[in-house]
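A short write-up of the structure that comes next.
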Amino acid sequence: MTVSQVARDGGTIAYEVHGSGPLVVLAHGMGENRAAFRHLTPRLVAAGYRVASVDVRGHGDSSPHWPTYAPEHVGGDLLAVVRALGGEPATLVGSSSSAAAVVFAAAEAPELVSGIVQIGAFVGTPKPNPLMRVAQAAVLRSPRLFGLFHRTLFPCGRPADDAAYRRELVAKLRGRMAAVRGVIAPADPHWTARAPEVRRPVLVLMGTKDPDFPDPGAEARAARRLFAVAEARMIADSGHYPHADQPDATAADLVEFLAVTARA
């Protein structure tokens, strides 16, 4: 495994590349790291793609402390990775909090983006009750509590290596919880304001049992309607991370989408 770094104003962004072919860039959600895509990456490589999995700023092997974690700047980091890998248009895949970042990237530099995929995108701003706000505040300050919370996002079953992955996830979060809070902090503009500017194809993926949403299907359809050219697909028996709990089904939908975008 070779980990590369690209310099940005404020630090460096780590990424790992596998395979050859049209470029696909994967960006994880809050608190995770590039290993979140450990089951999806080999499937995309086998389908003929070069896959760059990125550690979002403040996470994994990227620099720990940044002046901002806003999705606009995370999107800029993804574009920097694309440029570092030759600058040919890439398909950007963003999970959870990074689903916002890929929208900013596509709106800012359409010449570097052939399409975007949102996995588990938040269209509206969650409004937890007072008890949930207290619990959330504790989770977002403790690696151990975040690890326990992360486990709840797999209501339909977890990968066989999930316990080992989570132990490493918790270890990598020590001293980095500001980044976890930062990538989900309210930002202006919200990604939904930039979505109409995206002129590349969009695929919205959502687990049918995603516990982050009262109605995952409605959330996916709401995201789809914001774009000029978009499709929404549901991953059956999946929670918030379909690329981890249903990698075969997720890869199948992605490869079908990539056949249009990455080879255009």
Side-chain angles (χ1 to χ4, degrees), residues 1 15-29 32 34-54 56 75 78-79 81-82 85-96 98-99 101-103 105-106 110 112-121 154 156-161 165 198-210 216-217 219-221 223-224 227-264:
M1 178 187 71
Y15 62 95
E16 182 180 337
V17 182
H18 295 274
S20 61
L23 180 62
V24 182
V25 178
L26 307 177
H28 60 81
E32 293 208 303
R34 66 185 187 277
F37 297 105
R38 65 200 181 279
H39 299 294
L40 180 63
T41 294
R43 288 165 168 81
L44 296 181
V45 169
Y49 295 95
R50 180 168 57 144
V51 181
S53 50
V54 177
V56 170
L78 302 183
L79 294 174
V81 171
V82 174
L85 292 174
E88 292 188 10
T91 301
L92 308 182
V93 180
S95 166
S96 194
S98 285
V102 300
V103 174
L112 295 178
V113 179
S114 55
I116 64 172
V117 180
Q118 293 189 305
I119 301 176
F154 292 88
C156 304
R158 295 180 293 279
D161 63 350
Y165 167 69
V198 175
R199 288 295 178 264
R200 297 292 185 256
V202 179
L203 174 63
V204 177
L205 292 179
M206 184 78 73
T208 58
K209 302 295 178 62
D210 191 330
E219 195 81 4
R221 292 188 296 273
R224 181 199 66 204
F227 298 99
V229 181
E231 179 183 4
R233 294 191 181 190
M234 305 301 295
I235 306 295
D237 299 318
S238 177
H240 194 57
Y241 304 113
H243 46 282
D245 63 19
Q246 293 290 350
D248 286 331
T250 303
D253 281 341
L254 279 174
V255 168
E256 186 175 335
F257 180 70
L258 290 167
V260 176
T261 62
R263 303 185 191 280

Decide, yes or no, whether a salt bridge links Arg158 with Asp245 under the criterion of side-chain N to carboxylate O below 4.0 Å.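 No salt bridge links Arg158 with Asp245.
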Ion pair Glu231/Arg233, N-O distance below 4.0 Å: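 Salt bridge between Glu231 and Arg233, a charged N being under 4.0 Å from a carboxylate O: yes.
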Hey, what do you get for [atom1] ([X]) to [atom2] ([Y]), rounding to the nearest 0.5 Å?
X: Arg50; Y: Ser20; atom1: CZ; atom2: OG; value: 8.5 Å
X: Met234; Y: Asp210; atom1: CE; atom2: CG; value: 8.0 Å
X: Phe227; Y: Arg200; atom1: CZ; atom2: CZ; value: 14.0 Å
X: Glu219; Y: Arg224; atom1: CD; atom2: CZ; value: 13.0 Å
X: Thr261; Y: Leu203; atom1: OG1; atom2: CG; value: 9.0 Å
X: Ser95; Y: Phe37; atom1: OG; atom2: CZ; value: 5.0 Å

Start with the C-alpha distance between Val255 and Leu44, add both sets of side-chain angles, then the distance that settles side chain to side chain contact (heavy atoms under 4.5 Å, CB included), and finish with yes or no. CA-CA 7 Å; Val255 168; Leu44 296 181; 4.0 Å; yes
As a quick check of understanding, evaluate side chain to side chain donor-acceptor pair (under 3.5 Å) for Asp248 and His39, giving each step before the final call. CA-CA 9 Å; Asp248 286 331; His39 299 294; over 6 Å; no
If I compare all heavy atoms of [X] with all of [Y], which pair ends up nearest, and what's the gap?
X: Ala105; Y: Gly75; answer: CB-O, 3.7 Å
X: Ala251; Y: Arg43; answer: CB-CB, 3.8 Å
X: Ala228; Y: Val198; answer: CB-O, 4.1 Å
X: Thr250; Y: Pro242; answer: OG1-O, 2.9 Å
X: Pro201; Y: Ser114; answer: CD-O, 3.4 Å
X: Ala36; Y: Ala244; answer: O-CB, 4.5 Å

Take Leu258 and Tyr49 through the test side chain to side chain contact (heavy atoms under 4.5 Å, CB included) and record every step on the way to the result. CA-CA 9 Å; Leu258 290 167; Tyr49 295 95; 3.4 Å; yes
For residues [X] and [Y], determine if any side-chain heavy atom of one lies less than 4.5 Å from a side-chain heavy atom of the other.
X: Ser53; Y: Tyr15; value: no
X: Leu85; Y: Val17; value: yes
X: Val25; Y: Thr91; value: no
X: Val54; Y: Leu26; value: no
X: Val117; Y: Leu254; value: yes
X: Ile119; Y: His243; value: yes
X: Gln118; Y: Leu205; value: no
X: Phe154; Y: Ser238; value: no

Look only at the side chain of Ser98 and the backbone of Gly29, and say whether a donor-acceptor pair between them is shorter than 3.5 Å.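 No: the side chain of Ser98 does not pair with the backbone of Gly29.
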Do the numbers put Arg38 on top of the ring of Tyr165, so that NZ or CZ is under 6.0 Å from the six-membered ring centre and no more than 45° off the axis?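 Relative to the ring axis of Tyr165, which defines the angle, Arg38 lies inside both limits.
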Contacts of type side chain to side chain donor-acceptor pair (under 3.5 Å), residue Ser96, not counting sequence neighbours: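 For Ser96 the side chain to side chain donor-acceptor pair (under 3.5 Å) partners, ignoring immediate neighbours, are His240.
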Go through Asp237 and Lys209 one step at a time and tell me if the side chain to side chain contact (heavy atoms under 4.5 Å, CB included) criterion holds. CA-CA 6 Å; Asp237 299 318; Lys209 302 295 178 62; 4.2 Å; yes
Step-by-step side chain to side chain contact (heavy atoms under 4.5 Å, CB included) determination, Val113 to Leu78: CA-CA 10 Å; Val113 179; Leu78 302 183; over 6 Å; no
